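Shown next, in structure tokens, is the structure this report addresses.
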Amino acid sequence: MESRRVVITGMGMVSPLACGVEATWSRILDGQSGAGTIQQFDANHLATNYACEVPKGDGSDGTFNPDDWMEPKEQRKVDQFILYGMAAADQAIKDAGLGGESTEEMERIGVMIGSGIGGLGTIAETAYLIRDKGARRVSPFFIPGSLINLISGQVSIKYGYRGPNHSVVTACSTGSHAIGDASRMIRLGDADVMIAGGAESAINEIGIAGFNACKALSTKYRDDPTAASRPWDKDRDGFVMGEGSGIVVLEDYERAKARGAKIYAEVIGYGMSGDAHHITAPPPNHEGAERAMRAAVRGAGIEVSDIDYVNAHGTSTMADTIEMGAVQRLLGDHATKATMSSTKSATGHLLGAAGAIEAIFSALAIRDQVAPPTLNLDTPPEDAVIDLAPGKKVEREIDVALSNSFGFGGTNAVLLLRRVAA
Amino acid sequence: MSDNDIEKRVRNKVVEHLGVEEEKVTENASFIDDLGADSLDTVELVMAFEEEFGIEIPDDAAENIQTFGDAVNYIKGAV
């Protein structure tokens with residue numbers, strides 16, 4: 001069977017900048033940051049008391065109103081990561097113009113939404129409940145409200161999608177792996193449409209304390225949280241935790257064309273690798289990242305000189321420059337002509353949702369022919385030859401975008417997107 | 001605690017947990033057949049009654065609480 005082409009026809013997002021894809025994107029291009037002192041719980045006793053939280057409100061001005069997405073009685077039964085995922089999935093499905101499918105078509109629509117950690121906050125609260133009030137008080141919704149694959153399950157139940165129902169867990173590369181794996185399911189004929197992405201909600205005491213203990217989080221910017229996420233900058237000191245969800249609708253190109261769907265970009269490449277090195281740190285030259293990028297390029301059948309924009313993993317940790325080295329080795333002489341930025345400078349690090357929102361930003365970079373900025377990059381590394389888009393968006397031609405995601409355990413996922421001629 | 005008081009508090013819990021209109025919570029209303037609950041909802045509802053009234057409802061008794069009336073009658077006998 002000839003391999004099928006896969007395109008993105010719908011996108012949805014709940015991010016620390018806004019609820020909604022376009023609202024988030026305009027704020028990203030405008031150079032806004034989603035960081036602030038943590039509101040969801042009192043974090044002042046922790047080494048880090050700031051994060052990039054989803055702005056809650058009545059739904060106006062880009063705020064996230066849970067009641068817009070799930071009935072209050074249903075919200076009680078799920079962890080917040082599922083709520084974020086359901087909101088982003090609903091946006092993506094509406095954006096793609098799905099609806100009114102036949103039973104046969106429904107059997108060809110699948111869901112692949114992952115999470116890095118799942119219902120961490122609910123797990124912690126339930127443990128306290130058992131300690132304080134006994135095991136009989138545990139809610140029957142505790143398990144189904146915390147399991148990572150339950151966004152995929154909930155989306156399937158809500159919309160009637162009866163195709164492959166799956167989920168990815170690969171820490172901070174979850175979102176990219178989910179989109180890459182789902183695109184292969186379409187390519188190989190398991191489904192015609194896949195709802196794919198990631199969601200995360202780990203801004204709680206156990207999440208912040210846990211990442212603080214691995215020395216992964218920024219701690220020095222309590223007085224100025226918006227300056228804390230500063231990928232590649234000399235004064236970076238760790239990542240800033242984000243939360244939310246990014247979901248795309250992936251579709252067989254011929255199906256999308258036949259129904260006259262809007263097409264954001266084509267998923268032309270997907271590369272994976274393992275570092276076989278360390279549970280939290282990349283190897284000094286990050287050859288694993290380089291191999292994953294080369295695998296994506298090879299699979300796409302393009303030249304490295306075709307790559308115009310790189311949305312970096314770029315978490316604002318020591319690993320940023322290691323990634324930059326791998327990208328510059330990959331691109332070779334072409335590095336001086338490409339642009340690379342880290343949108344985590346604005347959104348923080350959404351862990352299992354990061355790769356998904358960054359695939360969306362990459363698709364929008366292609367649509368609008370603009371590379372989003374890297375905020376707070378005041379002193380770039382001396383060996384940077386690639387343009388890192390410090391402080392300001394870069395309007396430029398973008399036909400092909402590469403998005404990197406790397407996760408604890410030494411797992412790497414790379415997506416390649418390309419503009420589709422109208 | 002008066003019978004009316006018990007009825008009122010049980011009804012409030014049912015409305016809160018199942019998200020139904022108060023008028024629908026009648027004597028013979030079945031949680032599953034009439035009020036849209038599934039089996040997990042009924043487990044949670046029984047836990048909510050236990051919490052509300054400070055009682056323990058054993059599993060075999062809980063299985064027999066199918067309607068609003070069943071719940072009220074059991075709780076009247078237990079408090």
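If you're wondering where the values come from, they're calculated on a predicted model, not measured in any experiment. First the proteins, then the strands, lettered A, B, ... as listed; each starts at 1.
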Report task. May I ask you to test the B:M47-A:R136 pair for a side-chain heavy-atom distance under 4.5 Å? Result -> no

Query raised in the report: Who pairs with A:R108 by side chain to side chain donor-acceptor pair (under 3.5 Å), at least two apart in sequence or on another chain?
Result: A:D192

Report summary line: Those residues of residues 139-171 of chain A that come under 4.5 Å of chain B on a heavy-atom basis, listed by number, are A:S139, A:P140, A:F141, A:P144

Query raised in the report: Atom NZ of A:K133 and atom CD of B:E51: how far apart are they, to the nearest 0.5 Å?
Result: 4.0 Å

Report task. Go through the structure and list residues passing side-chain contact (heavy atoms from CB on, under 4.5 Å) with B:D3, not counting sequence neighbours. Result -> B:K76

Requested in this report: Sort by residue number and list every member of residues 65-100 of chain A having a non-hydrogen atom under 4.5 Å from chain B.
Outcome: A:K73, A:R76, A:K77

Query - Greater than 12 external heavy atoms within 6.0 Å of B:K8's NZ - result: no

